Q: 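Sharing a structure here in structure tokens format.
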Amino acid sequence: MTETTRPDPALPPVFDPAQVEVPLYERWVERGYFEADEKSDKPPYCIVIPPPNVTGSLHLGHAFEHTLIDALVRRRRMQGYEALWMPGMDHAGIATQNVVERELAKQGVSRHDLGREAFVEKVWEWKAESGGKILAQMRRLGDGVAWSRERFTMDHGLSRAVQTIFKMLYDDGLIYRAERIINWCVRCHTALSDIEVEHSDDDGELVSIRYSDEVVVATTRAETMLGDTAVAVNPGDERYKHLIGTELVLPLTGRRIPIVGDEHVDPSFGTGMVKVTPAHDPNDFEIGRRHGLPALTIMDEQGVITAHGPFQGLDRFEARPAVVAALRAEGRIVSEKRPYVHAVGHCSRCKTVVEPRLSLQWWVKVGPLAQAAGDAVRDGRVAIHPTSMEPRWFGWVDDMHDWCISRQLWWGHRIPVWYGPDGEVVCVGPDDAVPTGEGWHQDEDVLDTWFSSALWPFSTLGWPDETPALEKFYPNQVLVTGYDILFFWVARMMMFGLYAHGAAEPSKAVPFHTIALHGMVRDERGKKMSKSFGNAVDPLDWMDAYGSDALRFTLARGANPGADVPIGEDWVQASRNFCNKLWNATRFALISGARVGELPPSPELTAPDRWILSRLNTVLAEVDEHYEDFQFAKASEALFHFARDEFCDWYVELAKTQLAGDDAVAERTRLVLGNVLDNLLRVLHPVAPFVTEALWTTLTGQETVVTAAWPAADRSRRDPAAEATVAELRRLVTEVRRFRSDQGLKPGQRVPARLVLAADTPALTDHEAAFRSLTRLEPEADGFSATARVVVGSVTVEVDLSGAVDVEAERRRLTKDLSNERKALEQAARKLDNEQFLAKAPEAEVDKVRTRRTTAEAEIARLEAQLAALPQT
RNA sequence: GGGCGCAUAGCUCAGCGGUAGAGCACUGGUCUUACAAACCAGGGGUCGUAGGUUCGAACCCUACUGCGCCCA
């Protein structure tokens, strides 16, 4: 593709997205418009993509987020910034390992058959063949990302970054290894961090068990009683004080266990006595630690009971009823509540019920890191948009638990710690020599995927090396992400960003200056989209049917900061219609000879010309204001109304009269049409990149709108007088159209009319031709006889309907208007009769109400006169 | 159980102290020379309930009811 592929200037009457989108995108990439130059003098503007999962495909949530990011970045690029949207993916440890294991299982092979090295090799093969589908889909959406900089969290460079920060944290004592209760997925066979667990209210059972004459405990997981090593009561609970320090025999096991006093026990819950299973419950673990209790693990990594006895070998869910049955046989079941609804944790990847389990894992000590992350927002170095989301942020970072970062997987960054034959533990940095010799081995576990994602804002720019890209683009300007994952990786990026750049000046250490939060995409009934509910939509389907611009514009138009976005097919269709409207308006302009050139000075222009330019420049300013505040919905809405309701419906129609008249006026009209479209297409480009590119290049003959200058609002074109004139003209036209509609006249039917002006009305006298064209009123001819009249203010339009006048329709209309005016008068009068109002309301407000009263009085007089003049039936 | 938020036209949402708005849907009429993926005109809401503050409340305060989300 060497020549500029420009659509035929004679545009077809319907916009066909399928025909233009793919070639346009390919051209953009080929010409490098989305690439960024770290050596440029332009101010930087960098946003990193929230890295999609390598196993994933584009869903509406991505489409939404990408639309917003792309709009921000495209606008800044047009504004002359060195704009970089950094693309890439994360390696999604658990998800990817699961996918590849499933593939292998089809051939009857397990990862253990292959061995670690060969398995990881397989994963890379899988990625090369079928990973990263989403990248192609991003092209369909039109994402203006710098493809030459694409990164992957498992790349060499990013892996170096991971190892570097691990070593830094380890040396600073912020990474440690400890035996704790973790969330264990018995299917994925790995530990999960707290945020990888989803809680839901599930049906379960609550069983009360008599441990002794005086001790009754309740549990939802009866099988864990096999691992009990104590019973606890609140030390202040008078009922049980005497039991503290005594022992009882744990049923089914015959083990003697103590009764301990612990503040953590809530005396008001159940019997006020709790069983303590330190190896299988986080709270019990803490109790156990406080009282030096042993922790008995009674289950293996598959969730199968290992405790000796009749239950050994049973799955945890088989063991549960079996244990209850055995206790019942001994007469120890006091009560059973079934179903008992309670919160149950599930693996966010595979939905398996998570098993709390005592296990030796690696942890990040988040205290100081989270403190710094909170402070960065508190002292204003990082702004959260909208600010209403701040409490959510502080609520999280100010009360964060240590982060479990080890995963019992093979796919991921292997923990860079080596163990020696004599109990040595060595953390190895990226440039350090790995310990060799008899008995040395590396830790088997890999790191949580978020550990590498947390580095994304700077590892993608070359960190830990001091690269020019890092120098230019760190900190990033904005991070755009959903409020639902504010804690997931935003908190982690803040912690690691601030830590890794701790030596930098405080305002430069933050990973980004602004966090812009968006909501979640919902269906047209406001319901959360989910595969299981069956209301999930594939954005590709809508892009195929209506075009990418239609999808993007719909999403942008729904994007209120921090709020969820409902979307339905009807709305995408409406956006498609809007794109087609732009297409046809441009088509009309081109057919009419519109061109982009120097705009004549205002005094040479007609009121409609001056009006549309005034409106354009007002809207341009509004759009800028909204963009600066991440108000995508407002910006899009303003443009939608301007383009459709003002430019297309009124200016273009008025222009038709101007184009048909005086040559000089027609020529100036062509320039105004060209100028408005030129600006409108540029300012719409960030949210509807394809249709605007196709139209703008055709209109201007220039290479691309992608790098065209962002339109600056020209205040000097503001023209309140022209706006008032056109407003009056529009009112007159609408009144006549309403009359015509009431009278059942066909829109195209031409009717003779005479204009009678009671006062000087420039809106009409200067624009009579336009007025008659828009209302289909012909000049009066011989034999004109006025059979009906429309009165609007000082203007009377006498119409010759040649007989058939629908007097009743007219009476209904006038009566309704009269009733409205009387209501308005009553309201105004009531206020003006109120002395308190006169005394306390601001002057301007009182004046406004006075004017309203005067207008209403005049209108009432006019309407009453007209009603009286109607022929009686 | 703790925290945050939301209740405005049939649906989805703006508005957040001075005459109730948009899109879609709806009704009637039109192929009017850019567009029927369009145009013209129209109907539709005592702004969840009850109190309070104010000259004035959809908007501020309190309670209640009903939903949603996050955390435990």
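Remember, predicted model here, so these are calculated numbers, not experimental data. Note on naming: letters A, B, ... go to the chains in the order of the sequence lines (proteins, then strands), and numbering restarts at 1 for each one.
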Q: Test of understanding: with side-chain contact (heavy atoms from CB on, under 4.5 Å), list the residues that count as partners of A:Asn584, not counting sequence neighbours.
A: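 Listed in chain order: A:Asn580, A:Arg587.
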
Q: With sequence neighbours left out, which residue pairs that include part of residues 544-571 of chain A fulfil the side-chain hydrogen bond (donor to acceptor under 3.5 Å, both in side chains) condition?
A: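 The answer is A:Glu21-A:Ser548, A:Asp70-A:Arg552, A:Arg140-A:Asp544, A:Tyr483-A:Asp564, A:Arg522-A:Asp564, A:Tyr546-A:Glu569, A:Thr554-A:Ser575, A:Arg557-A:Glu637.
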
Q: Rounded to the nearest Å, what distance is computed from the CD atom of residue A:Glu569 to the P atom of nucleotide B:rA25?
A: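 The answer, rounded to whole Å, is 12 Å.
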
Q: Can you name the residues that form a salt bridge (charged side-chain N to carboxylate O under 4.0 Å, His left out) with A:Glu735, not counting sequence neighbours?
A: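 Here the qualifying residues are A:Arg738.
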
Q: Check the angle between the aromatic planes of A:Phe578 and A:Phe553 and answer parallel, tilted or perpendicular using the 30° and 60° thresholds.
A: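 Rings of A:Phe578 and A:Phe553: parallel, under 30°.
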
Q: If the sugar-phosphate is the primed atoms plus P, OP1 and OP2 and the base is the rest, what is the B/S/- string for nucleotides 12-22 of chain B, using protein heavy atoms under 4.0 Å?
A: SSSS--BB--S

Q: Rounded to whole angstrom units, what separation is found between the CE atom of A:Met400 and the P atom of B:rC71?
A: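 Whole-Å distance recorded here is 13 Å.
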
Q: Would you measure the distance from the C1' atom in B:rG23 across to the matching atom in B:rU8 and give it in whole Å?
A: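 One C1' to the other, the span is 15 Å.
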
Q: A:Arg595: which residues meet the salt bridge (charged side-chain N to carboxylate O under 4.0 Å, His left out) condition with it, sequence neighbours left out?
A: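 Checked A:Arg595 against salt bridge (charged side-chain N to carboxylate O under 4.0 Å, His left out); matches are A:Glu667.
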
Q: Output side-chain donor-acceptor pairs under 3.5 Å for residues 833-846 of chain A, partner residues at least two apart or in another chain, one line each.
A:
from, atom 1, to, atom 2, distance (Å)
A:Asn834, OD1, A:Gln836, N, 2.9
A:Asn834, OD1, A:Phe837, N, 3.3

Q: Listed by chain and number, what are the ring-ring contact (aromatic ring centres under 6.0 Å, His included) partners of A:His626, not counting sequence neighbours?
A: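 Here no residue qualifies.
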
Q: Which dot-bracket notation, 5' to 3', represents the base pairing of RNA chain B when pairs are defined as Watson-Crick or G-U with both distances under 3.5 Å, crossing pairs as [ ], and inter-strand pairs as |?
A: ((((((((.[[[[.)..(..]]]].(((((.......))))).....[[[[[..)....]]]]]))))))).

Q: When the C1' atoms of B:rC60 and B:rC70 are compared, how many Å lie between them, rounded to an integer?
A: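 Rounded to whole Å, the distance is 27 Å.
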
Q: Classify every nucleotide of nucleotides 27-37 of chain B by which part a protein heavy atom approaches to under 4.0 Å, writing B for the base, S for the sugar-phosphate alone and - for neither, in 5'-to-3' order.
A: --BS-B-BB-B

Q: A:Gln836 or A:Val197: which one's nearest nucleotide on RNA chain B is closer to the 5' end?
A: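 Its nucleotide being nearer the 5' end, the pick is A:Gln836.
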
Q: For B:rG15 and B:rC59, measure between their P atoms and round to the nearest Å.
A: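 Going atom to atom, P in each nucleotide, I get 15 Å.
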
Q: Using the test salt bridge (charged side-chain N to carboxylate O under 4.0 Å, His left out), find all partners of A:Arg812 that sit at least two apart in sequence or belong to another chain.
A: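 None.
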
Q: Provide, to the nearest angstrom, the distance between the CG atom belonging to A:Asp817 and the P atom belonging to B:rA41.
A: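 Those two atoms, CG and P, are 15 Å apart.
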
Q: So which heavy atom on A:His767 is nearest to which on A:Pro608, and how close?
A: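 Looking at all heavy atoms of both residues, the closest pair is CE1-CD, 3.4 Å.
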
Q: Grab the CZ-P distance between A:Arg392 and B:rC6 for me, whole Å please.
A: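 The distance from CZ of A:Arg392 to P of B:rC6 comes to 13 Å, rounded to the nearest Å.
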
Q: In whole angstrom, give me the gap between the P atoms of B:rC61 and B:rA7.
A: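 Nearest-Å result for B:rC61 against B:rA7 at atom P: 14 Å.
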
Q: On a whole-Å scale, what distance lies between the P atoms belonging to B:rG56 and B:rU19?
A: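 My reading of the P atoms in B:rG56 and B:rU19 gives 15 Å.
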
Q: Ignoring backbone atoms, test whether A:Arg738 places a side-chain nitrogen or oxygen under 4.0 Å from the OP1 or OP2 oxygen of B:rG42.
A: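 For A:Arg738, the contact criterion (side-chain N or O under 4.0 Å from OP1 or OP2 of B:rG42) is met.
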
Q: Say we look at B:rU46 and B:rU12: how far apart would their C1' atoms be, to the nearest angstrom?
A: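 23 Å, rounded to whole Å.
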
Q: Before accepting this row, confirm whether a basic side-chain N of the pair A:Arg830/A:Glu826 lies closer than 4.0 Å to the acidic partner's carboxylate O.
A: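 The answer is yes: the pair qualifies as a salt bridge.
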
Q: With heavy atoms under 4.0 Å as the rule, sort A:Ser388 into base, sugar-phosphate or nothing.
A: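 It contacts nothing in the nucleic acid.
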
Q: Could I get the full list of salt bridge (charged side-chain N to carboxylate O under 4.0 Å, His left out) partners for A:Arg772, not counting sequence neighbours?
A: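 A:Arg772 satisfies salt bridge (charged side-chain N to carboxylate O under 4.0 Å, His left out) with A:Glu768 once adjacent residues are dropped.
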
Q: Between A:Trp396 and A:Arg737, which is nearer to the 5' end of RNA chain B once each is assigned its nearest nucleotide?
A: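 Upstream on the strand: A:Arg737.
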
Q: Side-chain donor-acceptor pairs under 3.5 Å in residues 642-655 of chain A, sequence neighbours left out?
A:
from, atom 1, to, atom 2, distance (Å)
A:Asp645, OD2, A:His641, ND1, 2.7
A:Glu646, OE1, A:Arg615, NE, 2.9
A:Glu646, OE1, A:Arg615, NH2, 3.0
A:Glu646, OE2, A:Arg615, NE, 3.0
A:Tyr651, OH, A:Asp609, OD1, 2.6
A:Glu653, OE1, A:Lys656, NZ, 3.3
A:Glu653, OE2, A:Lys656, NZ, 3.2

Q: Whole Å only: how far is the CG atom of A:Leu486 from the C1' atom of B:rC69?
A: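 The distance from CG of A:Leu486 to C1' of B:rC69 comes to 13 Å, rounded to the nearest Å.
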
Q: Could you tell me how far apart A:Asp398 (CG) and B:rA72 (P) are, to the nearest whole angstrom?
A: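 Atom CG in A:Asp398 sits about 15 Å away from atom P in B:rA72.
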
Q: May I ask you to say whether A:Arg813 pairs ionically with A:Glu810, meaning some side-chain N is under 4.0 Å from a carboxylate O?
A: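 Not counted as a salt bridge, because no side-chain N and carboxylate O are separated by less than 4.0 Å.
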
Q: Work out how far the P atom of B:rG44 is from that of B:rA36, and round it to whole angstrom.
A: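 To the nearest whole Å, 31 Å.
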
Q: Between B:rU46 atom C1' and A:Lys823 atom NZ, what is the distance in whole Å?
A: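 So the two atoms are 11 Å apart, to the nearest Å.
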
Q: What is the distance, rounded to the nearest whole Å, between atom CH2 of A:Trp393 and atom C1' of B:rG5?
A: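 A:Trp393 atom CH2 is separated from B:rG5 atom C1' by 20 Å.
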
Q: B:rA22 and B:rG45: how far apart are their C1' atoms, nearest whole angstrom?
A: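 So the two C1' atoms sit 14 Å from each other.
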
